[in-house]
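Remember, it's a predicted structure, so these values are computed and weren't measured experimentally.
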Amino acid sequence: MSGKTTSDTFRQFKQRLLKFILGKVHLIEDAEDILQEVFYQFSRMSDLANPVENTAAWLYRVAGNRIIDYYRKKKEDEYIDDDMADILFGGDTDPDTIYLRTLIQNKIKAAVAGLPQEQRKVFELTEFYNMPVKEVAEKTNVPVNTVLSRKHYAVKFLRAKLEESFSELDKI
């Protein structure tokens, strides 16, 4: 890596890589999540004894792999997303739907509350208040890479926790 920090690399490649990802994914939120995953993985690699030799090629290859993973996951979850969106955001007011909506909202709140404090704060600021990662880093006085790492672990935890909770709902 020749003396460059992960933050330097992030600043150098962020816009170009985000544009590349947006060309494939189209939703800014999803593209930013993929970008965060790429730089999180890059920060982990840069800490190892065998640093990345061709940074640009490595970043684009990992981004491409994350985009493929994104579409695989999206395809797997497609049927769940439609049903879940209808329950959470639909206008249906029958008692069963209201009960399910409340149950799902409570599962989500409990999962977020179960996050470690630092991860929860980063997740809430980026997801609920739409605060950019850089601004969260400044507000919390931690490096961008730390914010990215905390967000990554928060999302990973929430996915696992909610998948577990929603599989329980299928049994109802």
Worksheet item: Mind checking whether Glu32 and Ile28 have side chains closer than 4.5 Å, heavy atoms only?
Response: yes
Fill in: Minimum-distance pair of heavy atoms, taken over all atoms of Ala137 and Pro143
CB-C, 4.1 Å
Item to complete: For atom CG of Asn141, decide whether the heavy atoms of other residues, nucleotides or ligands shown that lie under 6.0 angstrom number more than 12.
Response: no
Discussion item. So, taking the atom named CG in Leu27 and the one named CD1 in Ile34, what distance separates them when rounded to the nearest 0.5 Å?
Written reply: 9.5 Å
Practice prompt. Would you check if Thr9 and Leu59 make a side-chain contact, meaning some heavy-atom pair closer than 4.5 Å?
Written response: yes
Item to complete: Could I get the full list of salt bridge (charged side-chain N to carboxylate O under 4.0 Å, His left out) partners for Arg120, not counting sequence neighbours?
Response: none
Worksheet item: Mind checking whether Tyr40 and Leu17 sit in one hydrophobic cluster, side chains of I, L, V, M, F, W, Y counted as touching below 4.5 Å?
Response: no
Worksheet entry | Nearest-0.5 Å distance, NZ of residue Lys14 to CD of residue Gln36 | 9.5 Å
Discussion item. Could you check whether Asp33 pairs with Lys151 (Lys NZ or Arg NE/NH1/NH2 to Asp/Glu carboxylate O, under 4.0 Å)?
Written reply: yes
Item to complete: Could you pull out the closest heavy-atom pair between Ala154 and Leu115, with the gap in Å?
Response: CA-CD2, 3.6 Å
Worksheet item: Do you know the tightest heavy-atom contact between Val25 and Ala31?
Response: CG1-N, 4.1 Å
Worksheet item: How does the hydrophobic cluster around Ile98 look, that is, which other residues are in it when side-chain heavy atoms under 4.5 Å mark a link?
Response: none
Worksheet entry | Smallest separation among heavy atoms of Lys139 and Leu125, with atom names | CD-CD1, 4.1 Å
Worksheet item: Do the ring planes of Phe20 and Tyr60 sit parallel (below 30°), tilted (30 to 60°) or perpendicular (above 60°)?
Response: perpendicular
Worksheet item: Does the separation of the ring centres of Phe10 and Phe42 fall below 6.0 angstrom?
Response: no
Fill in: For the student: nearest non-hydrogen atoms of Arg150 and Gln119, plus distance
O-CG, 3.6 Å
Worksheet item: Is there a side-chain contact between His26 and Leu22 (heavy atoms, below 4.5 Å)?
Response: no
Fill in: Distance, nearest 0.5 Å, that separates CD1 of Ile108 from CG of Leu103
10.5 Å
Item to complete: Using the side chain to side chain contact (heavy atoms under 4.5 Å, CB included) rule, take Arg66 and Gln41 through it: C-alpha gap first, then chi angles, then the decisive distance, then the call.
Response: CA-CA 11 Å; Arg66 292 297 144 260; Gln41 195 170 348; 3.0 Å; yes
Practice prompt. Walk me through it: do Phe13 and Phe39 pass the test ring-ring contact (aromatic ring centres under 6.0 Å, His included)?
Written response: CA-CA 10 Å; Phe13 288 100; Phe39 278 104; 7.6 Å; no
Fill in: Thr126 (side chain) donor-acceptor with Val122 (main chain) under 3.5 angstrom
yes
Practice prompt. Taking atom CD of Glu127 as the centre, report whether more than 12 heavy atoms of other residues, nucleotides or ligands fall under 6.0 Å from it.
Written response: yes
Worksheet, complete the sentence: Tracing side-chain contacts under 4.5 Å among Ile, Leu, Val, Met, Phe, Trp and Tyr outward from Ile68 reaches none
Worksheet item: Are Tyr153 and Phe157 grouped together when hydrophobic residues (ILVMFWY) are joined by side-chain heavy atoms under 4.5 angstrom apart?
Response: no
Worksheet item: Counting only heavy atoms not in Tyr129, do more than 12 sit closer than 6.0 Å to its OH atom?
Response: no
Worksheet item: Is there a side-chain contact between His152 and Leu148 (heavy atoms, below 4.5 Å)?
Response: no
